[in-house]
Amino acid sequence: MSTLTSKDTDYAQWYNDLILKSGLAENSAVRGCMVIKPYGFALWENMRDELDKRFKETGHQNAYFPIFIPKSFLSKEAAHVDGFAKECAVVTHYRLKNDPNGKGVIVDPEAKLEEELIVRPTSETIIWSTYKNWIQSYRDLPILINQWANVVRWEMRTRLFLRTAEFLWQEGHTAHASKEEAIEETERMLDVYASFAEEFMALPVIKGVKSANERFAGAEETYCIEALMQDGKALQAGTSHFLGQNFAKAFDVKFADKDNKMEYVWATSWGVSTRLIGGLVMAHSDDQGLVLPPKIAPLHVVIVPIYNKDTVAREKIDSYANDLVKQLRSLGIRVKFDDDDSARPGWKFAEYELKGVPVRVALGARDLENNVAEVARRDTKVKSSLSLNNLATTLKDLLDTIQNDMYQKALHYREAHITKVDSWEAFENTLKNKGGFIAAHWDGTPETEEMIKSLTKATIRCIPLGNEQEEGVCVFSGAPSKQRVLFAIAY
RNA sequence: CGGGACGUAGCUCAGCCCGGUUAGAGUACACGUCUGGGGGGCGUGUGGUCGCUAGUUCGAAUCUAGUCGUCCCGACCA
């Protein structure tokens with residue numbers, strides 16, 4: 001078994017090795033598309049279940065809309081089509097036939113579609129064309145719908161989980177009678193994302209709004225959560241858009257208010273994707289493999305028996321381990337007793353570290369004699385001998401501790417990588433030598449943002465919510481500024 | 001779409017420059033055995049149209065041309 005490329009040697013290679021060797025996903029026969037393997041999909045299922053619960057707690061329902069969108073829909077909202085046109089997969093025909101000149105099949109030229117269909121890159125258009133039929137009165141509002149789906153964006157260059165041509169996500173699409181209510185919804189869902197990321201994935205995030213350049217195509221305001229990876233690059237972990245009346249106007253969706261006046265409907269959309277798995281990996285993992293926060297880990301505890309020739313001792317180990325499994329399960333802990341005799345203990349230790357299982361319990365004859373087990377934490381790699389008395393509850397508490405410690409560690413790292421910068425020289429130096437977020441004054445113009453991006457690749461990740469207002473001058477142009485914004489190089 | 005690299009066993013790669021028996025190694029896999037507290041030792045064995053096509057040659061993994069594909073760097077990336 002080969003080892004991973006070290007994080008310090010080549011971060012990108014480390015990431016790729018890790019995804020492949022831990023069995024999360026692999027590349028597929030289709031360029032840019034990945035196969036999500038069972039272990040990777042288990043992560044997604046856990047995230048999905050938790051998010052779904054939180055969406056329903058905030059009053060949303062799931063529905064499903066088609067994967068195909070008539071081409072004409074994309075042209076109805078000008079900014080929207082500008083944003084997505086370059087990366088759309090297009091269906092032009094609906095039939096194949098045998099190649100009359102030889103073997104194989106060809107596209108039947110007689111089966112050309114009257115109007116081409118777009119494979120959804122996002123569903124605003126198909127959904128708002130539907131909402132037009134659903135909304136006549138303020139009594140029909142709000143509509144609070146989410147869908148779990150796949151979308152396709154024909155990216156030039158892809159990376160497992162971080163940017164794939166097809167990815168899984170959820171997209172919420174809500175319709176409201178007032179601007180205030182829509183903004184409230186946009187902010188509510190941003191909070192849902194932020195608390196999910198922090199509580200469930202142990203991923204600290206900064207809530208903010210995007211600059212005009214980085215805004216979603218068709219949105220009036222894009223809220224986001226930004227996370228920091230271990231290489232100092234930022235990752236947009238989720239977005240929540242206030243769409244104003246743009247899509248209502250594009251699809252002519254009006255409602256009669258209480259005074260029987262017709263008004264366009266206000267909209268939001270919000271989404272997170274399988275990209276979050278990439279963020280999870282990059283935020284916590286190390287050179288030995290994945291490090292998973294317990295709440296998201298498919299497996300919380302693995303018990304590895306240490307056998308020897310003594311068959312009586314073996315029976316004792318098995319018996320104790322099976323009992324421990326029962327106790328842990330009754331506490332809601334996902335546990336596996338790996339008594340596979342064909343793999344040796346050392347191999348198993350390495351394997352479960354690669355997989356990021358938060359806690360490993362090693363149990364041998366020697367331990368049983370002393371009434372202890374060797375318990376190893378994945379996050380700190382600390383091993384300790386713990387009493388077998390009440391071991392199950394000890395482990396349950398340990399999992400909570402690990403969840404919390406992982407969040408705190410990531411938080412400390414991020415806090416240590418937000419650098420206040422007041423000169424262009426310091427800006428460039430910080431970016432080059434330290435990375436992370438740079439809090440700097442910006443004159444608020446797209447031109448300055450563009451210049452900074454072309455010079456350094458750094459973009460404005462967000463203008464943090466509740467940002468401190470202070471007088472200053474733009475780090476690039478020297479023009480007056482009232483607040484600092486966060487710059488970073490991003491994935 | 002520009003620049004670079006690479007396609008040989010399931011995987012990682014050597015061999016190619018300088019053509020010549022039956023194409024190698026590590027790892028994985030199967031069986032046996034000794035083992036078992038950090039990716040075990042020994043033994044036996046399975047596994048290959050050398051990406052594809054055409055050419056040069058008595059002879060091509062090796063040389064030539066074309067082609068397909070992958071990866072990296074750039075451009076692109078709500």
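So you know, we letter chains A, B, ... as the sequences are listed, proteins then strands, and number each from 1.
Spacing of C1' atoms, B:rG19 relative to B:rA61, comes out at 10 Å, to the nearest Å. Comparing the same atom, P, in B:rC13 and in B:rU22 gives a spacing of 29 Å after rounding to whole Å. Rounded to the nearest Å, the gap between the P atom of B:rG66 and that of B:rA5 is 16 Å. Here, B:rG37 and B:rG26 have their C1' atoms 28 Å apart, quoted to the whole Å. Rounded to whole Å, the separation between the C1' atoms of B:rG47 and B:rU53 comes to 27 Å. For the C1' atoms, the distance linking B:rG36 with B:rG41 amounts to 12 Å, nearest Å. For B:rU21 and B:rU67, the P atoms lie 32 Å apart once the distance is rounded to whole Å. Comparing B:rC71 with B:rG48, their C1' atoms sit 23 Å apart, to the nearest whole Å.
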Can you give the donor-acceptor pairs under 3.5 Å from side chains of residues 212-221 of chain A to other protein atoms, not counting sequence neighbours?
unit_1	atom_1	unit_2	atom_2	d
A:Asn213	ND2	A:Glu449	OE1	3.1
A:Arg215	NE	A:Glu220	O	3.3

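In this structure, the CZ atom of A:Arg215 is 19 Å from the C1' atom of B:rC77, given to the nearest Å. Rounding to whole angstrom units, CZ of residue A:Arg378 and C1' of B:rG38 are separated by 13 Å. Residue A:Glu155 contributes atom CD, which lies 16 Å from atom C1' of B:rC1 at whole-angstrom precision. In this entry the distance linking CG of A:Asn27 with C1' of B:rG69 reads 13 Å, nearest Å. As rounded to whole Å, 13 Å separates atom C1' of B:rC77 from atom NZ of A:Lys233. Atom pair A:Arg163:CZ and B:rA75:P shows a separation of 12 Å (rounding to whole Å applied). Note: CG (A:Leu20) to C1' (B:rC71) measures 12 Å, nearest angstrom. If you measure from atom CG of A:Leu4 to atom C1' of B:rC11, you get 15 Å, rounded to the nearest angstrom.
Checked against A:Glu226 for a salt bridge (charged side-chain N to carboxylate O under 4.0 Å, His left out), the options A:Lys210, A:Arg414, A:Lys233 give a single hit: A:Lys210.
Cation-pi check for A:Arg360 over A:Phe349 is met; the charged atom lies under 6.0 angstrom from the ring centroid and within 45 degrees of its normal.
Side-chain contact, A:Thr174 with A:Thr268: a donor N or O sits under 3.5 Å from an acceptor N or O. In the model, A:Asp318 has a side-chain atom that pairs as donor or acceptor with a side-chain atom of A:Tyr307 under 3.5 Å.
For B:rG74, one of the phosphate oxygens OP1 or OP2 lies less than 4.0 angstrom from a side-chain nitrogen or oxygen of A:Lys457.
Within a 6.0 Å radius of NZ in A:Lys7, other residues, nucleotides and ligands contribute more than 12 heavy atoms. A 6.0 Å sphere centred on NZ of A:Lys179 holds no more than 12 heavy atoms belonging to other residues, nucleotides or ligands. For A:Trp169, the CH2 atom is densely surrounded, since the number of other residues' heavy atoms within 6.0 Å is greater than 12.
Both A:Gly32 and A:Phe84 lie near RNA chain B, and the one whose nearest nucleotide falls closer to the 5' end is A:Gly32.
Counting any heavy atom pair closer than 4.0 Å across all strands shown, A:Arg159 reaches no nucleic acid atom. Counting non-hydrogen atoms under 4.0 angstrom, A:Lys86 reaches the backbone sugars and phosphates but no base.
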For nucleotides 30-37 of chain B, tabulate all protein N/O to nucleotide N/O atom pairs closer than 3.5 Å, reporting atom names and distance.
unit_1	atom_1	unit_2	atom_2	d
B:rU35	O2	A:Arg344	NH1	3.0
B:rG36	O4'	A:Arg344	NH1	3.4
B:rG36	O2'	A:Tyr307	O	2.6
B:rG36	O6	A:Arg314	NH2	3.3
B:rG36	N1	A:Asp341	OD1	3.2
B:rG36	N2	A:Asp341	O	3.2
B:rG36	N2	A:Asp341	OD1	3.1
B:rG37	OP1	A:Arg344	NH2	2.8
B:rG37	N7	A:Arg366	NH2	2.7
B:rG37	O6	A:Arg366	N	3.4
B:rG37	O6	A:Asp367	N	3.3
B:rG37	O6	A:Asp367	OD2	3.0
B:rG37	N1	A:Asp367	OD1	3.3
B:rG37	N1	A:Asp367	OD2	2.3
B:rG37	N2	A:Asp367	OD2	3.3

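With A:Ser75 contributing its side chain and A:Lys71 its backbone, the two residues share no donor-acceptor pair below 3.5 Å.
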Let's go through A:Glu171 and A:Ser123 carefully: what are the C-alpha distance in whole Å and the side-chain angles of both, what is the deciding distance for side-chain hydrogen bond (donor to acceptor under 3.5 Å, both in side chains) to 0.1 Å, and is it a yes or a no? CA-CA 8 Å; A:Glu171 46 182 326; A:Ser123 301; 2.7 Å; yes

Taking Watson-Crick and G-U wobble pairs with both distances under 3.5 Å, convert RNA chain B into its dot-bracket string, 5' to 3', dots for unpaired and | for cross-strand pairs. (((((((..((((......[...)))).((((((.....)))))).....(((((..]....))))))))))))....

